[in-house]
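Just so we're on the same page: letters track the sequence lines, and every chain starts at 1. Only a predicted model underlies this, so the values are computations on that prediction, with no experimental measurement involved.
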Amino acid sequence: MAEFGLEQGEEDGTRVLRLSGSLRFAEAREVWSSVRSAAFAGEGASPPLVFDLSGVGRLDGGVAALLTELQSSVITSGGSAEIRGANADVREILELYGCQGVCEREAPQRKSLLTQIGQATDEVIGETKGGLEFIGSLMVATVSGLRRPATVSWSQTYPLLERAGADGLPIVLMIGFLVGFIMAFQGAVQLEQFGASIFVADLVGLTVTRELGPLMTAIVVCGRSGAAFAAELGTMKVSEEIDALKTLGLDPLRHLVIPRILALLIALPILSLIADLMGLIGGLLVGLFTLDLTPVAYIHRTQEALDLWDVSSGILKSFAFAVAIAMISCQQGLATSGGAAGVGRRTTTAVVSILFSLILIDAGFAITFNALGL
Amino acid sequence: MSDASEQEGESALAVPVDESEHARGSDEPLIRVENLTMGWGDFILQKDATFTVNRGDVFILLGGSGCGKSTLLQHMIGLQQPMRGCVKIAGLGDEGPEKWGEPKFHVGPPPFGVMFQSGALFGSLTVGQNLALPLERWTELPSEAIDAIVRGRLGLVGLRGFENHYPSEISGGMKKRAAIARALALEPELLFLDEPSAGLDPVSAVELDELILTLNRQFGLTVILVTHELESVFKIASGCVFLDKDTRSIIARGDPRELRDQSEDPRVRAFFNRLPREAVEEATS
């Protein structure tokens, strides 16, 4: 079979591209680049174009699709193009690929800036409405669940608690330790200049228990459990399991969401306490090995710096963090649509929204505590 | 796929049937779909759909891809709310001798069973736990009794011994049968099936048809299903409606065998005779 060939010529004011030989799929790339550049060569108003296929002995489907596309592109860009000279076999293949007449392509409509802003606003309003509806439904489900406890799947809480709490313990231990360690190092460099190394204990104790312990733990739980909840419920939604649950007379909120909120409400404060402790240990090690402090002096200083409120205010925050993580991840999971891509999209949205809400909640607590003088 | 799927058993009650032995419903209406218009936003999928399903029917929602069959099914079970019109099911309301009412969830035990296209078994639970879930929620039965019912239901659909398998460990056909068993858990009189034989090999599909007919005959179940499988339709259906995508309406209703042989609508004839529509239109003109 002869190889693919291309010649250009002119006949009666018409530009002719003579294709010859065998147009096989294996050569599709070469055919595409050479015919395309020949078809669109020249500037300004180009004369009518003819693809002459009289020399073509064989045409594979993929190449037929390319020729059809090229013809269509020329016509769409305001020119004229026709395919002629094809033998019966080649013509049949071209017709299968819709090469009769003009293959009109619908130009994508450009949206005006105002339309885009309007659509984005509409989406935000829709999302907000969805979120508020979810909160309302959840409150109703919680109240009715408390009145009739048998309607809530409490038994689901234990395995969730194990996954969110016990399984997440190693990473929380490590992060908690490193946070205290890093804080102490950074503080030591500055405080040593003033001969106030002992106050590293104050710095680590207060920042870890009031802020960084609960916040870092919440971020870890967001990455582990928040993403898992959103992906899990999202997958259940797209595989019709949520619908199936409804048709069995089981409320997804009481069966899936309330156990998850409860699991995080128990797990997160405990993990935060453990992270606090590990942070203090991290600070202590820096104090011992780089600042030559004695363990007794460091622990005594920490005891003096901290009171019960410092620890409990952090734990109080972690309850709010737990509710935010569980609610946002479950809401996003249950709002999933559009198959696997939808699950990915909602999981990403869940994680980003949770992180944003954690910072907002933390700021809210900081302002409130400050205003109350706590 | 585990070895489990290779050991798939025969349905205990399934009996071979031929086309002449299809289901025959009564004259007593069980579901009324009245002027149902469905869609979203400005888009209307089907408008003013009106039909009745009688008790004891095996009733098929038919039509080309994208015409709204599964959406209609979701409206009939109350998972979606219509833009206009309503679906009424006898026995779900409080008033009148028939107690017509609209399907609703979370207000009591589900009044009917539903099997989704994918089976929608809960992946984190075993097949037995999937079946036990509605029984634990809606009955006061002790766990031994629930276990016995689960084993019985699985036996009915030919899955005895698969209680402890997870959905990921059984084949597609077994998942669908397990989903039917779950839909039957609370002894419903009405069963909705969304494309039960889609993606199944011919033998599994035929076994599923036989199971549906058996349930209809032996237990008097009214079955409403969405399917594209014409062999299934001619074998089991007692009635059908044909939804059209272009006109967004029901263009034919009745016995599918009669529609196949007697319909003058080229769209319906093309569908039932597996012909390109152009060929039927040319022959008609």
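Residue A:S153 does not touch chain B at all, counting heavy-atom pairs closer than 4.5 Å. Neither the backbone nor the side chain of B:F192 comes within less than 4.5 Å of any heavy atom of chain A. For B:E136, no part sits under 4.5 Å from any heavy atom of chain A, backbone or side chain.
For the side chain to side chain donor-acceptor pair (under 3.5 Å) test, no residue two or more places apart in sequence or in another chain qualifies with A:Q156. Considering only residues two or more places apart in sequence or on other chains, B:D201 meets the side chain to side chain donor-acceptor pair (under 3.5 Å) condition with B:S204.
In terms of heavy-atom pairs under 4.5 Å with chain A, the best-connected choice from B:D194, B:V114, B:L79 is B:L79.
Crowding of B:E163 atom CD: a count of heavy atoms from other residues, nucleotides or ligands under 6.0 Å exceeding 12.
The existence of a salt bridge linking B:K69 and B:E195 is excluded, since no basic side-chain nitrogen approaches an acidic carboxylate oxygen closer than 4.0 Å.
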